[in-house]
Amino acid sequence: MKYSDRDHPQNLSVSMESALHGPELPDFTDVMDECRGRLRNRLSELISMEQLCRQAGDLISTRTEALIDVKDFTLPLVSLTIGNPHTAKHCLLLTAGIHGVERIGTQVLLAWLETVIERCRWDALWRAQFNTDIAIVAVPIVNPGGMLQDSRCNPNGVDLNRHAPIDAEDKVPFLIGGQRISKAIPWYRGKRGAEAEVEFVALQNIINRYCQIDRPSMLIDFHSGFGFQDQLWIPYAYRRQPIDDIASYVALKLLWERNFPHHNYVFGPQAMHYLSHGDIWDYFHRQCRADGITLLPLTLEMGSWLWVKKHPQQLFSFAGLFNPTVPHRQARVLRGHLLLIDFLLAAARNIEYWQPSGEQEREMQQMAQSLWYRQL
Ligand SMILES: [Zn+2]
């Protein structure tokens with residue numbers, strides 16, 4: 001597929017629509033029927049996701065976006081929607097498990113979806129927001145093959161967050177910033193000019209389908225494995241200069257801090273930490289921006305070094321570097337981000353109320369300059 005294809009669905013023939021928005025694949029449950037029993041101890045997150053959907057009844061719709069063949073399994077890459085993302089005024093997209101080993105991101109997202117569903121049952125006002133104001137689109141396991149194998153990369157050895165067709169404009173850290181030397185080394189980008197990986201295409205289809213000019217959207221992507229503190233990262237990773245929407249990010253940061261002054265996240269540009277090639281959200285943000293579409297992606301990078309510091313035995317398992325292994329700490333992480341995600345849902349629903357324009361936009365740009373970009 002071409003990376004930049006986009007058109008309005010009504011004008012498309014069925015085959016074109018499938019090329020742009022993704023193929024029709026078997027239902028989530030039908031795919032699970034073939035592998036559920038064998039996945040219980042190996043990919044419990046997928047089992048939990050299916051249970052959540054079953055409990056949610058009509059509140060959640062599912063769509064199989066791709067089928068991933070790995071070992072003896074055919075795994076579904078699934079999107080869940082709450083509300084109608086074809087007609088809602090706004091969208092909040094949530095993604096996790098791009099790096100298969102970072103299971104905690106998937107668990108945090110599922111824990112939040114559970115609270116959304118439960119609250120829909122007794123809070124009429126909460127539920128009403130999904131009639132027209134906002135829709136949720138969640139992909140809790142972007143890389144199910146990688147998660148099955150406890151690996152950062154997908155089953156083809158590609159790091160999906162180094163894979164987008166975008167090169168950094170400045171020096172990136174050796175290997176970590178993305179490499180094309182070998183798929184035996186982590187952070188492999190894939191061969192130059194090769195077909196896009198199926199997981200990447202699935203995300204592209206979701207963006208094409210739901211992100212539209214008249215539907216400003218926000219996105220949060222969950223990761224773990226870097227730093228001692230939870231960080232909210234503003235794109236870009238491919239350059240140090242501020243993202244075009246930097247004023248909106250400053251406004252969002254101020255809104256967050258005014259509402260939750262005792263929060264404990266470091267909120268700033270990813271490029272202050274490191275640059276990388278092929279960042280998926282750099283690519284999708286630029287693509288949407290070129291098409292006049294508002295999409296504000298954020299990355300939550302959970303500070304897993306703290307979990308390792310408190311429980312050094314985790315150093316002896318690869319997964320332990322990315323996930324809390326002690327139950328009470330896992331529970332703390334699962335409840336720790338609910339408020340933030342609730343806030344992002346409300347922020348996406350009300351984006352017109354806080355997105356700056358005119359003089360205010362210029363002020364926010366200046367604020368960004370003094371906060372983060374003085375050296376440029
Ligand atoms: Zn990650």
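We count ligands from 1, going down the list as the structure has it; atoms in each ligand are counted the same way. All residue numbers in this chain count up from 1 along the given sequence.
Excluding water, every protein N/O/S atom under 2.8 Å from the Zn ion (ligand 1) is given here by residue and atom: His99 ND1, Glu102 OE1, Glu102 OE2, His223 ND1.
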Open item on the list: Test salt bridge (Lys or Arg N to Asp or Glu O under 4.0 Å) on Arg209 and Glu65; report intermediate values, then the result.
Closed with: CA-CA 12 Å; Arg209 207 183 301 139; Glu65 302 284 352; 2.7 Å; yes
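The closest side-chain heavy-atom distance from Pro140 to Glu45 is not below 4.5 Å. Side-chain contact between Ile136 and Trp112 is present, with at least one heavy-atom pair separated by less than 4.5 Å.
Checked against salt bridge (charged side-chain N to carboxylate O under 4.0 Å, His left out), Asp33 has the following partners two or more places apart in sequence or in another chain: Arg36.
Using a 4.0 Å cut-off between charged nitrogen and carboxylate oxygen, Arg289 and Asp245 count as a salt-bridge pair.
Ring-plane geometry between Trp126 and Phe130 is classed as perpendicular, the angle between the planes exceeding 60 degrees on a 0 to 90 degree scale with a lower cut at 30.
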